[in-house]
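Here the structure comes first, spelled out in structure tokens, and everything after it is commentary.
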Number of protein chains: 2
Amino acid sequence: METTTQPTATPDSASYEPTDRTVPTRSRDRAAYDRELVHAILDEAYVCHLGFVRDGAPIVLPTLYGRVGERLYVHGSTGSRPLRMAGAAPADEADPGLPVCLTVTHVDGLVLARSAFHHSVNYRSVVVHGIARQVTDPEEKRTALDALVDHVVPGRSADSRPANAKELAATAVLYLDLDEVSAKMRTGAPNDDPEDMDLPYWSGVVPLRKGYDPVIPSEDLAPGIEVPAYLTEV
Amino acid sequence: METTTQPTATPDSASYEPTDRTVPTRSRDRAAYDRELVHAILDEAYVCHLGFVRDGAPIVLPTLYGRVGERLYVHGSTGSRPLRMAGAAPADEADPGLPVCLTVTHVDGLVLARSAFHHSVNYRSVVVHGIARQVTDPEEKRTALDALVDHVVPGRSADSRPANAKELAATAVLYLDLDEVSAKMRTGAPNDDPEDMDLPYWSGVVPLRKGYDPVIPSEDLAPGIEVPAYLTEV
């Protein structure tokens with residue numbers, strides 16, 4: 001149980017410790033706890049799906065996020081639901097926090113087997129369980145907001161106007177430590193049953209396209225501003 | 001409250017009725033309840049994020065799904081957690097079902113504003129609240145499994161071996177009716193503040209690539225099987 005709002009130091013272990021919640025009931029061979037793998041999956045996605053409980057029922061909302069070491073950040077208006085639920089008053093030491101589940105998924109390919117039953121997708125996902133709390137330290141809040149922007153495009157926070165006092169005041173940031181974490185993935189070809197191999201159906205993987213399409217500059221850009229290299233060298 | 005496992009008829013209204021849970025606390029102008037829009041967003045995605053509550057804490061898992069009219073289906077091993085929680089015994093009329101939140105999100109583009117504060121993504125999402133229950137009717141179960149395969153690639157269920165009795169017995173299917181539903185989206189250019197327009201930062205939208213990369217046929221395909229047209233005409 002952490003009692004500070006400072007990011008935790010990088011732990012010595014190369015893996016997260018499995019718990020009852022992070023060991024799947026099935027396809028255990030697809031689960032992984034390696035920190036580098038988890039970080040890579042988290043860093044590549046644009047949005048996470050944040051789950052919390054309200055009046056006993058689950059709510060799952062897509063939201064932007066950022067990562068600094070072993071800590072994730074999500075942000076929102078100070079008036080938004082999960083932000084308010086995670087503790088209204090800054091520096092409220094009695095704040096119990098908001099139990100959340102933060103999930104990130106990449107769909108890499110469609111897996112077409114000869115049998116309907118073995119159809120699947122190739123994917124990489126990370127599920128994080130924990131307690132989200134408000135960031136109260138102004139310095140950490142700035143770091144978190146930079147991380148959120150750099151998560152969308154690495155290097156971008158240094159190439160935009162930083163948040164001013166009014167914007168900082170209007171934004172609440174939650175942190176969630178990477179502690180109870182698992183990754184899960186499927187890669188490779190379909191797993192058809194031996195007796196289906198000669199069936200007259202095409203089988204294989206359909207990779208999904210990744211990356212950027214050509215950028216659309218704002219119409220009112222100041223003269224002489226070129227597309228930055230971090231958008232074209234991908 | 002529905003008491004049958006048969007899909008509901010298509011309602012007359014062109015929109016879902018907003019509820020306390022489906023009216024956002026902020027950015028209300030981005031919320032929509034149009035059925036056609038909701039269906040289009042649902043039909044284009046590959047996985048949903050399914051949220052449920054276990055021991056008071058939220059769990060959010062990525063999973064495949066299918067849609068038939070105003071009913072969604074998710075499936076899994078009969079031993080998997082949410083499937084077991086949604087009612088173990090088929091035809092259990094006392095089954096209270098599993099409160100779930102099913103969310104689907106497309107990230108269409110990265111929105112780079114001059115100010116860090118106005119960075120965002122263009123997205124389309126659908127959030128469905130409701131009670132998931134097991135499909136017990138064998139006919140509906142087959143329809144649901146076809147819908148799950150056709151959701152990955154439209155038309156594919158007719159071009160693969162249908163599930164056999166053993167596979168059907170090993171698979172549990174949950175249904176969730178589209179009743180308490182909202183869509184939310186952001187499109188278009190960044191919304192920079194007027195006083196930021198002359199700042200020397202590039203601003204615009206970076207569309208994310210969509211579609212398929214070249215397919216990877218299984219190595220052991222029977223001779224003479226060509227890539228089906230439904231994979232190349234996209």
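Below, chain A is the first sequence line, B the second, and so on; all start at residue 1. All of these numbers come straight from a predicted model, not from anything done at the bench.
Interface remark: A:Leu145 contributes no atoms to any contact with chain B (heavy atom separation under 4.5 Å). Neither the backbone nor the side chain of A:Glu219 comes within less than 4.5 Å of any heavy atom of chain B. Within the 4.5 angstrom heavy-atom criterion, only side-chain atoms of A:Ser125, from C-beta onward, approach chain B. Only the side chain of A:His129 comes within contact range of chain B, with at least one heavy atom under 4.5 Å from a heavy atom of that chain. Contact of A:Val227 with chain B is made through backbone and side chain together, with heavy-atom distances under 4.5 Å. Heavy atoms of B:Arg21 lying under 4.5 Å from chain A belong to its backbone as well as its side chain. Proximity to chain B (any heavy atom under 4.5 Å) is restricted, for A:Thr171, to the side chain, taken from C-beta onward. Using a 4.5 Å cut-off between heavy atoms, A:Val205 touches chain B through backbone and side chain atoms alike. Interface remark: A:Leu112 contributes backbone and side-chain atoms alike to the contact with chain B (heavy atom separation under 4.5 Å). Using a 4.5 Å cut-off between heavy atoms, A:Pro214 contacts chain B through its backbone alone, with no side-chain atom that close.
Put simply, of A:Pro223, A:Ser157, A:Ala113, the one with the most heavy-atom pairs under 4.5 Å next to chain B is A:Ala113. Most heavy-atom pairs under 4.5 Å with chain A, from the set B:Tyr123, B:Phe52, B:Phe117: that is B:Phe117. Heavy-atom pairs under 4.5 Å with chain A were tallied for B:Ala57, B:Ser115, B:Pro200, B:Gly51; the largest tally goes to B:Ser115. The residue among A:Val215, A:Val60, A:Val53 with the most heavy atom pairs within less than 4.5 Å of chain B is A:Val60. Top candidate by heavy-atom pairs under 4.5 Å with chain A, chosen from B:Asp198, B:Val127, B:Asp220, B:Leu199, is B:Asp220. Interface remark: of the candidates B:Val152, B:Val149, B:Leu221, B:Leu221 forms the most heavy-atom pairs closer than 4.5 Å to chain A. Per-residue heavy-atom pair counts under 4.5 Å with chain A were compared for B:Leu50, B:Asp159, B:Val107, and the maximum is reached by B:Asp159. For the options A:Arg156, A:Glu226, A:Arg54, heavy-atom pairs under 4.5 Å to chain B are most numerous at A:Arg156. Ranked by heavy-atom pairs under 4.5 Å with chain A, the list B:Gly56, B:Ala163, B:Cys101 is led by B:Cys101. Note on A:Lys184, A:His75, A:Lys210, A:His119: by heavy-atom pairs under 4.5 Å with chain B, the leading option is A:His119. Listed options A:Pro162, A:Pro190, A:Ala189, A:Ser203 were ranked by heavy-atom pairs under 4.5 angstrom with chain B; first place goes to A:Ser203.
Looking only at distances, no side-chain donor or acceptor of B:His118 sits under 3.5 Å from a matching main-chain atom of B:Arg114. Under a 3.5 Å cut-off, the side chain of B:His106 and the backbone N or O of B:Ile41 do form a donor-acceptor pair. Put simply, the side chain of A:Arg186 gets close to the backbone of A:Gly188: a donor and an acceptor are under 3.5 Å apart. A side-chain donor-acceptor contact under 3.5 Å links A:Asn164 to the backbone of A:Lys166.
When every heavy atom of B:Val173 is checked against every heavy atom of B:Ala144, the shortest pair comes out as CG1-CB, 3.7 Å. Counting all heavy atoms, side chain and backbone alike, A:Ile131 lies closest to A:Pro99 at CD1-CA, 3.9 Å. Residues A:Asp192 and A:Met197 approach most closely at CB-SD, 3.9 Å, considering heavy atoms.
Listed by chain and number, the residues in a salt bridge (Lys or Arg N to Asp or Glu O under 4.0 Å) with B:Arg161 are A:Asp193, A:Asp196, B:Glu167 (sequence neighbours excluded). Remark: A:Arg124 engages A:Glu44, A:Asp108 in a salt bridge (Lys or Arg N to Asp or Glu O under 4.0 Å) (not counting sequence neighbours).
Just one residue in the list A:Leu72, A:Thr63, A:Val126 forms a side chain to side chain contact (heavy atoms under 4.5 Å, CB included) with A:Leu102, and that residue is A:Leu72.
Below 30°, between 30° and 60°, or above 60°: for A:His151 and A:Tyr65 the angle between ring planes is between 30° and 60°, a tilted geometry.
Heavy-atom contacts from other residues, nucleotides or ligands closer than 6.0 Å to CD of A:Glu139 number 12 or fewer. No more than 12 heavy-atom neighbours from other residues, nucleotides or ligands sit within 6.0 angstrom of CG on B:Asp179.
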